Amino acid sequence: MILGIECTAHTFGAAVVNKGKILSNIRDMYKTESGGIIPTESAQHHKSLAPEIYQKALTEAKISEDKIEAIALSNAPGLAPCLLTGLNFAKEKVKQLKVPIVPVNHCIAHLEIGRHEGAKDPVLLYASGANTQIIAYAAGKYRVFGETLDLGVGNFIDKVAREFGFGFPGGPEIEKHAKNGKYIELPYSIKGMDVSFSGMQTKISQLHKKGISKEDLSYSLQETAFAMLVEAAERALAHTGKTELVLGGGVACNSRLQEMCQIMCKERLQKTKYLCPERSLLVDNAAMIAFTGEIMFNSGIKFKPEDVDIKPRERTDQVKVTWR
Ligand code: AMP
Ligand code: MG
């Protein structure tokens, strides 16, 4: 019985997993009226809600605290104040319960939760607010095959949305407006398996000021940005010879991105499985932390609280993978 805690950015979550089964998955997201995340405010949000969310996760899983065998914590990467709040809460709990702590890399958890959908050795297209990476396992580590060279695809979409006068998060609004748009050519920027979005952002801003409709721009943004992501993911599949694609991150909630990934998998000559976790496992969540933590714990990974620290800038390929 593993209790997982997610705290890396805007979401605080707690979840219970037992033998790969998700027994509960509770979360709450820090939101702003306007503008982006203020790290200290998000940390305050986590701090004030942590006890309540923790309790809800236990209640929904129908277990008592003493059944917890370890606490898995997302200690990397992310916003330092948020990570610290999560770490302090987890340390307090493991000391009280006398159980070990399992530090989990958030990006790797997005990939590992693919196993819950049946993946064995997938390529992950991780498309979230701050992160945009193509990750897969190779030679003892989870490697980043491609990534954004400037801003994350979600942050890019949110910036465009802000210019259009939509609130945060902007993704769902852009998706709605895209339904009635038509295609306009936008800068398509991919180098190998790396992508960039700032050129497209500038172009959209110029066209918007010239009076091109939000509908057309939203549609064209989706077609262009997502085609870049799908191209990079396909190249990673071809390069690694892997035959499973897993989606992760909030932007992966977009139906058009899902559809394009599905088509790509279907059209590949090498039969490729398309695996898209349900929404509650795509966005930042504690179930993926508990799920990954359980796999790590079962392989013998357990730490004393004093030996665990936050790693705000840990890269996916810095993690020593000993549990596969
Ligand atoms: P995450 O960082 O993984 O929690 O994801 C948050 C990001 O996902 C934000 O930038 C949202 O705008 C974006 N997002 C959420 N829903 C959608 C959607 N339907 N289409 C595109 N982006 C979305
Ligand atoms: Mg995430």
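Bear in mind the structure is a predicted one, so any value in this text is a computation, not a measurement. One-based numbering, in listed order, for ligands and for the atoms of each.
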Visitor: Between E231 and R235, is the closest basic N to carboxylate O distance under 4.0 Å?
Guide: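 Answer for the salt bridge query: yes.
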Visitor: For ligand 1, note which part of D158 has a heavy atom under 4.0 Å away: side chain, backbone, both or neither.
Guide: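 For D158, only side-chain atoms sit under 4.0 Å from ligand 1.
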Visitor: Determine whether any heavy atom of Q222 lies closer than 4.0 Å to an atom of ligand 1.
Guide: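 For ligand 1, residue contact (heavy atoms, under 4.0 Å) with Q222 is absent.
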Visitor: Of all the non-hydrogen atoms in the protein, which one sits nearest to atom 20 (N) of ligand 1, and at what distance?
Guide: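 Looking at atom 20 (N) of ligand 1, the protein heavy atom closest to it is N254 ND2, 3.0 Å.
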Visitor: Salt bridge check, K182 against E215: does any charged N sit closer than 4.0 Å to a carboxylate O?
Guide: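 No, no charged N to carboxylate O under 4.0 Å.
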Visitor: Within a distance under 4.0 Å of any heavy atom of G154, pick out the atoms of ligand 1 and give their elements.
Guide: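 Checking each atom against G154, I get 10 (O).
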Visitor: Do any nitrogen or oxygen atoms of G249 lie less than 3.5 angstrom from nitrogen or oxygen atoms of ligand 1?
Guide: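 There is no such contact.
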Visitor: Does G250, backbone or side chain, put an N or O under 3.5 Å from an N or O of ligand 1?
Guide: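 Indeed, backbone or side chain, G250 has an N or O that close.
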Visitor: Judged by non-hydrogen atoms, does V251 sit under 4.0 Å from ligand 1?
Guide: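 Yes, V251 has heavy atoms under 4.0 Å from ligand 1.
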Visitor: Should we say atom CD of E306 is surrounded by more than 12 heavy atoms from elsewhere, each under 6.0 Å from it?
Guide: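 Enclosed: over 12 neighbouring heavy atoms sit under 6.0 Å from CD of E306.
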Visitor: Is it true that a side-chain atom of H177 and a backbone atom of E173 form a donor plus acceptor pair closer than 3.5 Å?
Guide: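 Pair found, side chain donor or acceptor close to backbone of E173.
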Visitor: Is any NZ, NE, NH1 or NH2 atom of the basic residue among K56 and E52 found under 4.0 Å from an Asp or Glu carboxylate oxygen of the other?
Guide: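 Salt bridge present between K56 and E52.
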Visitor: Run the side-chain hydrogen bond (donor to acceptor under 3.5 Å, both in side chains) test on R324 and Y142 for me, step by step, so that the C-alpha distance in whole Å, both residues' side-chain angles and the decisive distance to 0.1 Å come before the verdict.
Guide: CA-CA 11 Å; R324 289 181 59 118; Y142 286 105; 3.0 Å; yes
Visitor: Does the N or O separation between C253 and ligand 1 drop below 3.5 Å for any pair?
Guide: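 In this structure, C253 places no N or O atom under 3.5 Å from an N or O of ligand 1.
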Visitor: Is any NZ, NE, NH1 or NH2 atom of the basic residue among K93 and E65 found under 4.0 Å from an Asp or Glu carboxylate oxygen of the other?
Guide: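 Looking at E65 together with K93, the answer is yes, because their closest N to O distance falls below 4.0 Å.
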Visitor: Can you check the number of protein N/O/S atoms within less than 2.8 Å of the Mg ion (ligand 2)?
Guide: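 If we list every protein N, O or S atom nearer than 2.8 Å to the Mg ion (ligand 2), we get 4.
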Visitor: Would you confirm whether the ring centroid of F12 sits within less than 6.0 angstrom of the ring centroid of Y30?
Guide: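 No.
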Visitor: Are K120 and E244 ion-paired here, with the side-chain N under 4.0 Å from a carboxylate O?
Guide: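 Salt bridge between K120 and E244, a charged N being under 4.0 Å from a carboxylate O: no.
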Visitor: How about S205 and E163: does a side-chain donor come under 3.5 Å of a side-chain acceptor?
Guide: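 The answer is yes; a qualifying pair exists.
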Visitor: Hey, is K141 close enough to D317 for a salt bridge, meaning N to O under 4.0 Å?
Guide: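 No, no charged N to carboxylate O under 4.0 Å.
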Visitor: Write out the residue and atom name of the closest protein heavy atom to atom 2 (O) of ligand 1, then the distance separating them to 0.1 Å.
Guide: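 The protein heavy atom lying closest is G129 N, 2.9 Å.
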Visitor: Students should be able to answer this: which protein heavy-atom is nearest to atom 11 (C) of ligand 1, and at what distance?
Guide: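 Ranking protein heavy atoms by distance from atom 11 (C) of ligand 1, first comes P169 CB, 3.7 Å.
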Visitor: What atoms of ligand 1 come closer than 4.0 angstrom to any heavy atom of G170?
Guide: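 That gives atoms 12 (O) of ligand 1.
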Visitor: Would you say L282 and ligand 1 have an N/O pair spaced under 3.5 Å apart?
Guide: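 Among all N and O atoms of L282, none is under 3.5 Å from an N or O of ligand 1.
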Visitor: Give the residue and atom name of whichever protein heavy atom lies nearest to atom 23 (C) of ligand 1, and the separation in Å to one decimal.
Guide: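 The answer is G171 CA, 3.5 Å.
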Visitor: Using distance alone, decide if ligand 1 has a nitrogen or oxygen within less than 3.5 Å of any nitrogen or oxygen in E175.
Guide: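 N/O-N/O distance below 3.5 Å exists for this pair.
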Visitor: Looking only at the side chains, is there a donor atom on one of H106 and D284 sitting less than 3.5 Å from an acceptor on the other?
Guide: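 Indeed, the side chains of H106 and D284 share at least one donor-acceptor pair under 3.5 Å.
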Visitor: Should you measure from each heavy atom of H10, which atoms of ligand 1 turn up under 4.0 Å away?
Guide: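 Listed by number with element: 1 (P), 2 (O), 4 (O).
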Visitor: Within the distance-only criterion (no hydrogens, no angle test), does the side chain of S74 pair as donor or acceptor with the backbone N or O of C7 below 3.5 angstrom?
Guide: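 Pair found, side chain donor or acceptor close to backbone of C7.
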